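Here is the naming used below: chain letters follow the sequence lines, and residue numbers restart at 1 for every chain. Given the structure is predicted, the values throughout are model-derived calculations rather than measurements.
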Protein chains: 2
Amino acid sequence: MSGRVTSTDVAREAGLSRATVSYVLNDDPRQTIPEATRQRVLAAAERLGYRPYGPARLLRGARSTLVLMLTPGLQRATDFVAAGIVTQLGMALREHGLHLVWQLGTEDDRSAAMDLAPAVVLSSAGEGEPAFAELTQQFSVPVLPAFPGLPGFLGGAAVTQVDHLLERGRRVLAYAAPPRADLEPTSEIRWQAIVTEARRLGLAHPVRLTLSANRGEATAQLRALLAEHPEVDGLCAYNDEVAFTVLAAAHDAGIDVPGRIAVIGVDNHPFGYLAVPALSTIESDVTEFVTAFAKSVAQVARGEEGRDVLLPSSARAVARASS
Amino acid sequence: MSGRVTSTDVAREAGLSRATVSYVLNDDPRQTIPEATRQRVLAAAERLGYRPYGPARLLRGARSTLVLMLTPGLQRATDFVAAGIVTQLGMALREHGLHLVWQLGTEDDRSAAMDLAPAVVLSSAGEGEPAFAELTQQFSVPVLPAFPGLPGFLGGAAVTQVDHLLERGRRVLAYAAPPRADLEPTSEIRWQAIVTEARRLGLAHPVRLTLSANRGEATAQLRALLAEHPEVDGLCAYNDEVAFTVLAAAHDAGIDVPGRIAVIGVDNHPFGYLAVPALSTIESDVTEFVTAFAKSVAQVARGEEGRDVLLPSSARAVARASS
DNA sequence: CTCCGTCGTTGACACGTGCAAGTAGATCGC
DNA sequence: GCGATCTACTTGCACGTGTCAACGACGGAG
C-alpha cells in the first residue's frame, strides 16, 4: 500500500509531531491546543485528504462502530418485513454512532467477520438454537438475537387475525399453512396461537390446510376444504403470500370472498391493497421495538449489559374488502 | 481487551516462537515444518480457541476479503430484484474468497467503511453520478458500480414488453409510470425504450400515463385513458407493482383484461402468478451476469484491472393470462 | 535572581500480525 | 576433517494509531 496517507504525513506537512496531530483530530479534551496550531493541523489534513485507518485504531484498542447482522439470503418476496426492520434498525443505530452491515448467506462462515471485527453480532438464529452458541464462541464478541421474542411476535399477529374474523362475525376458522418446509417452525407457532385463541373465545377447533404453491392445486384444495367443512367461514393465512394464493384459488373456483369465506393475511404487504378483493391483513408497528432495540445494542457495544427488548406481541388489523 | 487470545499465547502454549506459529497457521510453503511441531501448534491453537485478529493482519498489509455494497434502504417490495442480485452475488464472491457485506442507507456516511477497510466498494450510484466520484475519493479503495449497464438492462426489459405485446396482436400501446418521483430517471429510460421500439416496429406512438398509487384514482385514470384513446389495446407497466395497480383498476372499472387491454409488468414478482388475472411479466436471468461480475470484482480486489461486465440487456417474457 | 507551575509539544510504547533475516545444529560432499 | 548445504527454528522489524510521561519555554511569585 503506497497510496495511503498516514498521520505521519499530516504531521510532516504541518511541521508538527504526530502526537499533536492525533490530539487535534480527536479533539482530546485533556490537552490544550492553541487555535493557531489547531488550524494548521486541520488544514494539512484537509490538503492531504487524510483519513485515519480503521484497522490501526482498532488494533490500538478503539471500540468498533460496526454491528454485523447475519441472516440467510433474501429469497422470498415476503422477507421484506425483515428487510424493513433491518433498514430501520440501521438508521436507529446510526444515531448511537454505530454502523449496521448485513451479511447474507449461511451463517457458518466464520472467517467473514474476522476482517471487520464488529462490536456486536446480530444473528437471525434464535437464542435457543445450537448455531447461536457456536457463534458466540466463534467471534470473541457478544452475539445477540436479531429478532428477540419472535415467537410472541408471530403468535400475536395470529391472535389478532382470529379476533378480527370474530368481529366480522365469523365463527368457524381455517388456517392456511405455507408449502415450504423450512417455514414449518414459524407456521407451527402461528397455528398453535390460532388454536389457543379460538378455544379461548369458545370457537370451534380450526381446520388446518397446507396450501400448494400451484394455483390449480390450491384451487382444488380450497374447493375440497369448503366441501368437507361447509361451516368454515373465515380463513387465517400464514402470511400475505399464502393469502394471495387463497384469493387466487377462490377467484378461480368461483368462491365469493368475503361472502362465502373471509380471508386475512399477515405482513401488510403493499400488494395486498391491490389484490382482488383488497386483502385484509395484520400490521405490526415495529418502530418502538427498533428504537429500544437499537439502544440495547448500543449498550452491549459499549460493554454494558444490554436490556432485554422484545418484538411487540400485539398487532393491528388492517381491514379491507376480503373480510 | 483482556480476553483476546493472541498468537503469542499459542506460541507459549506450544513452547515455540510466535513466528513458527504464524508459519504453521498460514502454512507458508517457503518453510519446512516437521509434522510433529505442526500438530503441536495446531493442537495448542485449537485448545486455546485462537482466532487471528483481522485488523492486525490488515495493518500488516494483508488484503481485505471484504466487499462493501452501498445502497439506499429496502423500502419497497419491488426492491426484491436488487435483493436477489445481492444475495446471489454474495454467494458467487464467496467462491473467490471474498465476503460481501451490505450497508443500507444514505451513501454519504463516509465513516462507515472506515472500520471495515474493504477491498472493494460497490455503489448503487451509477458511474456518471457525482456521488460516485466522491466515494472514490473518500475511500482509498476502488469503487465499482453495483449494477453496471443498468440503463441497458432497464431498456432491454421494456423492449421485450413491446415485442411481446406485438406478438399478442396488440398495436397501440400505453405506458404506465410509477407515481414516485425518485423513480423518474429509471422510468424515463423505460419510456424511451418503449417509444423507440414502437417506432422501430412501425407502431403508433405510445401513450404515457403516470398512475396514482390510490386505487380509486387509478381506476378513474385508466377509464379516462381508454375513453380518450379507444385504440389503445396493450399496456406496458413500469414494473409489477404498477402492473398490479393497473389490474386492480381494471377490475374495479369493469375493464376486461386481456380482452379490452393486455397488461404486462416487469420483474417477475412471485405474486404476479397469483394476480387476477395472472400477470404477464418480464424476467431477466442475471446468473451469468452475477458470476462474471463476481470474477471482475475479485480481480479488482486483487489489484488488477477488472474486466467490464454489464447487466444483460436481453430479457424473457413470462406469458400469463393478462396478455 | 531563583523556584515552580502551566502551556504547548514531543518521544516512545503498545496493540497483534506477517515475514525477512539470522542462527544453532545436523547432514552432506569431497 | 572441514566448509557447504540444509533443517528447524527464533529474533526483530514494520504496519498506523492513541496516549502516557517527559521536556523545554515562559511567566509570575517570592
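Rounded to an integer number of Å, the gap from Leu59(A) CG to dC13(C) C1' is 13 Å. dG16(C) atom P lies 16 Å from atom CG of Leu25(B), rounded to whole Å. One interatomic measurement links the two molecules: CG of Asp27(A) to C1' of dT19(D), which rounds to 15 Å at whole-angstrom precision. The distance from atom CG of Leu16(A) to atom P of dG11(C) is 11 Å, rounded to the nearest whole Å. Rounded to whole angstrom, the span from the CG atom of Asp9(B) across to the C1' atom of dC15(C) amounts to 13 Å. dG16(D) atom C1' lies 13 Å from atom CZ of Arg12(A), rounded to whole Å. The CG atom of Leu48(B) sits 14 Å away from the P atom of dG16(C) (whole-angstrom rounding).
For Arg302(B), the salt bridge (charged side-chain N to carboxylate O under 4.0 Å, His left out) partners two or more places apart in sequence, or in a different chain, are Glu304(B). With sequence neighbours left out, Asp182(A) forms a salt bridge (charged side-chain N to carboxylate O under 4.0 Å, His left out) with Arg180(A). Glu288(A) is linked by a salt bridge (charged side-chain N to carboxylate O under 4.0 Å, His left out) to nothing, counting only residues two or more places apart in sequence or in another chain. For Phe293(B), the ring pair (Phe, Tyr, Trp, His ring centres under 6.0 Å) partners at least two apart in sequence or on another chain are Phe289(B).
Each of Arg38(B), Glu46(B), Arg40(B) was compared with Leu42(B) under the side chain to side chain contact (heavy atoms under 4.5 Å, CB included) criterion, and only Arg38(B) meets it.
Side chain of Ser296(B) to main chain of Arg307(B): a donor-acceptor pair is present (N/O by atom type, distance under 3.5 Å, no hydrogens or angles). At distances below 3.5 Å, at least one donor-acceptor pair connects side-chain atoms of Asp9(A) with backbone N or O atoms of Thr6(A). The backbone N or O of Val286(A) sits nowhere less than 3.5 Å from a side-chain atom of Ser284(A) that would complete a donor-acceptor pair.
The terminal axes of the helix from dC1(C)-dG30(D) to dC30(C)-dG1(D), fitted over 5 pairs per end, subtend an angle of 60° to the nearest 10°.
For Thr37(B) and dC9(D), the shortest distance from a side-chain N or O to OP1 or OP2 is below 4.0 Å.
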Checklist entry - Which letter, B, S or -, goes with each nucleotide of nucleotides 17-22 of chain C from 5' to 3', with contact meaning a protein heavy atom under 4.0 Å? => result BBBBB-
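Taking CG of Leu183(B) as the reference point, atom CD of Glu188(B) lies at 13.0 Å (rounded to 0.5 Å).
The residue Leu58(B) sits apart from the nucleic acid: no heavy atom pair falls under 4.0 Å.
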